[in-house]
Each structure stands twice: as C-alpha cells, then as structure tokens.
Trainee: 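This is the structure I have questions about; it appears just below.
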Amino acid sequence: MTDGRIRVRFAPSPTGFMHLGNARTAVVNWLYARRHGGTFVLRIEDTDRERSTQEAVQVIYDSLRWLGLDWDEGPYLQSERFELYRRRAEELVARGSAYRCWCTTDELEERRKQALAEKRNPKYDGRCRTRTEPREGISPVIRFRMPDQGATAIQDLVQGEVVTPNEELDDLVLLRADGTPTYNFTVVVDDHDMAITHVVRGADHLSNTFRQVQLYRAFGWELPAFGHLSLILGPDRAKLSKRHGAVSVLQYRDDGYLPEAMVNALTRLGWSHGDEEVFAVEELVRLFDLPDVGKSPAIFDFEKLRNKYNAEHLKRADPGRLGGLLAATLERLGIARLAAGDPRLGLLIDGLRERSRTLVEMAEASRPMLVEDVAYDEAAVKKHLKAEAADVLRALAERISALSGFDRPALAKAVEELAAARGVGMGKVAQPARVALTGTAVSPPIDVVMAVLGRDRVLRRLESGARKAAG
RNA sequence: GGCCCCAUCGUCUAGUGGUUAGGACGCCGGCCUCUCACGUCGGUAACCCGGGUUCAAAUCCCGGUGGGGUCGCCA
C-alpha cells in the first residue's frame, strides 16, 4: 500500500487558465501519490518564453490550492534550468545521437505543405543528418537522430501495450535556434533528473511518448512507468478547449462550486466504484487507483456536476465551513456583509443547503431575507396577497409580537397555532406570509425566513403585506 | 492522408460467456409537504454494424463503420 519511492508529477505549461483536462490530470496524479504514500512534484513547463506568463503560473498555484492538491516538491521552473538542457543536448551530439540542423523554419514549412499536398507523411527528411559545415548566417537547431527501423512499444498503465512503427517518428528538435530547449526534450531530462517513477498525463501525449522513449534509450536511462488518461471531450465530442466555455477551474470556484465536488466529478470520468458516485476526497485517496481507470474518452457532464456532485457535497459539507463560504459569496455578490459568527449564517445554511446546488444559488436565495427592501413578485402577490390575507397577516403579526422568544420552534408554533385557530391549513397562513416577508412564493421554511429577518423586519413586512393585500 | 486510441440509455458508468443488461444525472408521473426543494416510489431510455468462436456472447477474435488524438524551432 505504501511505496515511498513512487514519485509522480504534474507539469503544466503556464499559457492561460487551467482547464478541466489539466485539473483531471493533476487530481489523478495527486490521488495516486497520496494513495501510495508517494511524492507529488509540481513542475512548470515554461520553455516557450513567448507564451508563458507569470499570471498563468499564479493561476496554476491558485487552481491547485483551491482544489486542495498540495504538492510535496517544487515548483520547479524549467526556465531556470536551460543550461542543464543545453549540456544534455551537447551530450547527445557528442554521442552521435543528435546533430545540428541548418534548415530554416520557412524551408521546413514549405516541405511540410508539399508533403501534405502529396499525401505523404510530413516528417523531417533528415537532410542535415550528415551535414557538417554550417550554412552562412543561420544558427542551427539540434535534432535528435530517431531510429527509422523497427518499432517502439510502451506498456501503459491505462492504455495497455501500444506499439508504433519507428518510421512514424521524425527527428525532433531538442534545442531551438535560439538555444532554448523544447518540450519533448525537457520532459525527458526532467522526469529522469527528478526521479519520476510514473508519468501520468493526458492521452494527447501518447504519440510523444514513443519519441521520448527513444530519448531515454539514447541516454541509457531507465524508463518510468507511463499512464495516459483518455481525454475529456466537450459536448461536441472534441477535445475540451477554450471553445467550449466554462472550462477554467477557477470559474467553478467563482460560480459557487465546492472543490471536493470538482475533484469527485473529475475522478469519476473513466473511474467508478460500484454504484457509489459521491465520494469524499479521503475516500478517493483510499479507493482510487490507476489500473482501474478506463480508456474510453468521456464527455464532461456539466449538469451532473451541478445537480449531483455539487448538490450532494453541499449537503455533506461542514455547516461552519459552508457558513464562511456563503458569507464570502454574499459579500462578493454585493448582497450583504455578514460577520463570521453571525447566527443568520447557520440559519441560512440549514434552510438552503438542501434547496441549492451551488453557493451562488444559495446566496441568491438568501437575498430577500438580507436586503432592506422587499422586491415583490407580481404573480406571487396576485396569487397570495388577496384581500382576505390582510387579516391573516395582521393576526400573525400580533402573535409574533407577543412572542417572548424569537427562535425557529417558537415561530413555527406561532404559525401553526394561527392556522389551527382559524381552522385552515398551513398553506393559508404560510403562503401569504411568505410573499409578505420575501416578496416571492418560494423560500425556505417560513420559520427560517422569520428567524433570519428578525422581529422588527418581520413585523414591518407583515404590515406592508397586509396593506398591500387590503388593496 | 499515415500512425495510435476508443465504442453499453442523451451523458457518466456497472458488467468480465448464461443478468428481466444494474446505478446515477436529465426527463415524465405518484407519494410526502407551508412554497420550492430534500426524501421516496414508479416510468422513459443503451449493448454501432457484420462475420466468426461457443451449447451460450454486451462480454472472446476478425472486418467494417463512427468518433477522438497526433503528425511544430507549442506543450
């Protein structure tokens, strides 16, 4: 169960927001490390200096922290390790496994286009493999000499055995003309240097893996285990991308989702545990394992995240913690500022957690009970604040003002007793009261509404409602 | 186009040769009820197609079809 030697890493490139696919990869790596008592390493792959930004690095930290995925090592920044990669590249050149190439990007682009037009494989033709003299005014790249015979096989923890012919692999660039290293090179050097035992990433990297395997061999390094997770697809069945909208992890935080719901939903793509669907993070740590992950791609079901995972985790979350989150949401939405210990928070959580699917919904549902003025819904007024309701509301106000306590049981009792005294059902009292108190026909139980509002507001709103009903 | 991967309700999935093909989200209806929810009961809906193998195939094999990934001096 515990293997301290297991080392996994999450190695995103900081080129924008962190989307659900990256998040899933991070979650799986983290769960795998935690389950096996291993080490979770964070490495930022910022070798592309054009596209990498400091803000995007911050987004990665924020996203991981929000999800609760703490890392044991790092963050390592590849941009701080360029000298190391350069030395490694020269090492390969010295061994004859890599060579300098003076072809320009324009030339390559031209050949690629032509190959595609002739329906040939657009791989590098290897014309610089034997060239030794430089070309005037062109700084060369360093290319890896890929074997062009045979085949490369990998044993993948998720995908099983996958084999590809080596003629598919072309001589990839290790170092660009400006001396900076490329992804396929740094990933191998770093995974080796950082003693990564399990490389777990998205299946979009599967075809790169064959190239990387050849790099490991050229260096004479031991291979890590690989696990390629099938991709998360958008509703159109294409790889999840910006086009699909609402795919940034932090967007879910802002939309009122709980991180554990997110982790739960992401983990359940391709993985299951009998008929159980809702898991606490600790349960996932105990139950989740890589070999149990299926390999068919999955479409992320945004509706189920909301209706099932988030709704369920909202019901299970600690009320105190939820109170804090709700307070923050109320403030952010400009609805109200409630102090941490405000007793209304507890009442709102009790009254709303089972009727809300997100924190934002909860905050919006709290609004009528927290703001100064009642916003009357015309249909609700028309239906429930009829002439005969005026009397009921005044009678209720009378009972409320006579109350010595102002807690939920006392308030519920006041409403029940009024209904009984009048020989009518609860609905005849509670519905007009609900509209008078909140302006709408839908709210948490009436005792909760009154407890949150407080005596003064209740009496004031009951009177306003009565006047409105009387016409 | 080459190479690689995938294929059970609309979606996430259970299933590992013999099941009335199960669960969940959604949708529809009943019950509960101060509204809305929650809960609960019931319904709707799937094994991509074609060949094999076998007494028996959603399960194994082959082919097809469909979908996806990848083919950068991006990661």
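Below, chains carry the letters A, B, ... as their sequence lines are ordered, and counting in each starts from 1. These numbers were taken from a predicted model, which means no experiment stands behind them.
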Trainee: Polar atoms only, N or O, under 3.5 Å: list the protein pairs with nucleotides 61-71 of chain B and their distances.
Mentor:
residue : atom : partner  : partner atom : Å
B:G69   : OP1  : A:Lys239 : N            : 3.2
B:U70   : OP1  : A:Lys239 : NZ           : 2.6
B:U70   : O2'  : A:Ser207 : OG           : 3.0

Trainee: What nucleotide, of B:C3, B:C73, B:A7, holds the atom closest to the side chain of A:Pro165?
Mentor: B:C3
Trainee: B:A37 phosphate, OP1 or OP2: any side-chain N/O from A:Lys315 under 4.0 angstrom?
Mentor: no
Trainee: Hey, could you give me each pair passing salt bridge (charged side-chain N to carboxylate O under 4.0 Å, His left out) that has a residue in residues 154-164 of chain A? Not counting sequence neighbours.
Mentor: none
Trainee: When every nucleotide of nucleotides 20-35 of chain B is labelled 5' to 3' by its protein contacts under 4.0 Å (heavy atoms), B for base, S for sugar-phosphate only, - for none, what sequence of letters results?
Mentor: --BBBSS-------BB
Trainee: Going by the rule side-chain contact (heavy atoms from CB on, under 4.5 Å), which residues pair with A:Glu168 if we only count those two or more places apart in sequence or in a different chain?
Mentor: A:Asn121, A:Thr164, A:Pro165
Trainee: Applying side-chain hydrogen bond (donor to acceptor under 3.5 Å, both in side chains), which residue pairs with at least one partner in residues 418-445 of chain A are found, sequence neighbours left out?
Mentor: A:His384-A:Gln431, A:Asp391-A:Arg422, A:Gln431-A:Arg434, A:Arg434-A:Ser443, A:Thr438-A:Thr440
Trainee: How many Å lie between CZ on A:Phe210 and P on B:G2, as a whole number?
Mentor: 17 Å
Trainee: Cationic tip of A:Arg131 within the cone over A:Tyr99's six-membered ring, i.e. under 6.0 Å and within 45° of the normal?
Mentor: no
Trainee: Looking at A:Lys295, does any N or O in its side chain come under 4.0 Å of the phosphate oxygens OP1/OP2 on B:C6?
Mentor: yes
Trainee: Under the salt bridge (Lys or Arg N to Asp or Glu O under 4.0 Å) rule, collect the residues that match up with A:Asp301, sequence neighbours excluded.
Mentor: none
Trainee: Taking A:Met18's backbone N and O only, do any of them form a donor-acceptor pair with A:Asn22's side chain (distance below 3.5 Å, no angle check)?
Mentor: no
Trainee: For A:Phe300 and for A:Val163, locate the closest nucleotide of RNA chain B by heavy-atom distance; then report the residue assigned to the nucleotide nearer the 5' terminus.
Mentor: A:Val163
Trainee: Does a side-chain N-to-carboxylate-O contact under 4.0 Å join A:Glu277 and A:Arg268?
Mentor: yes
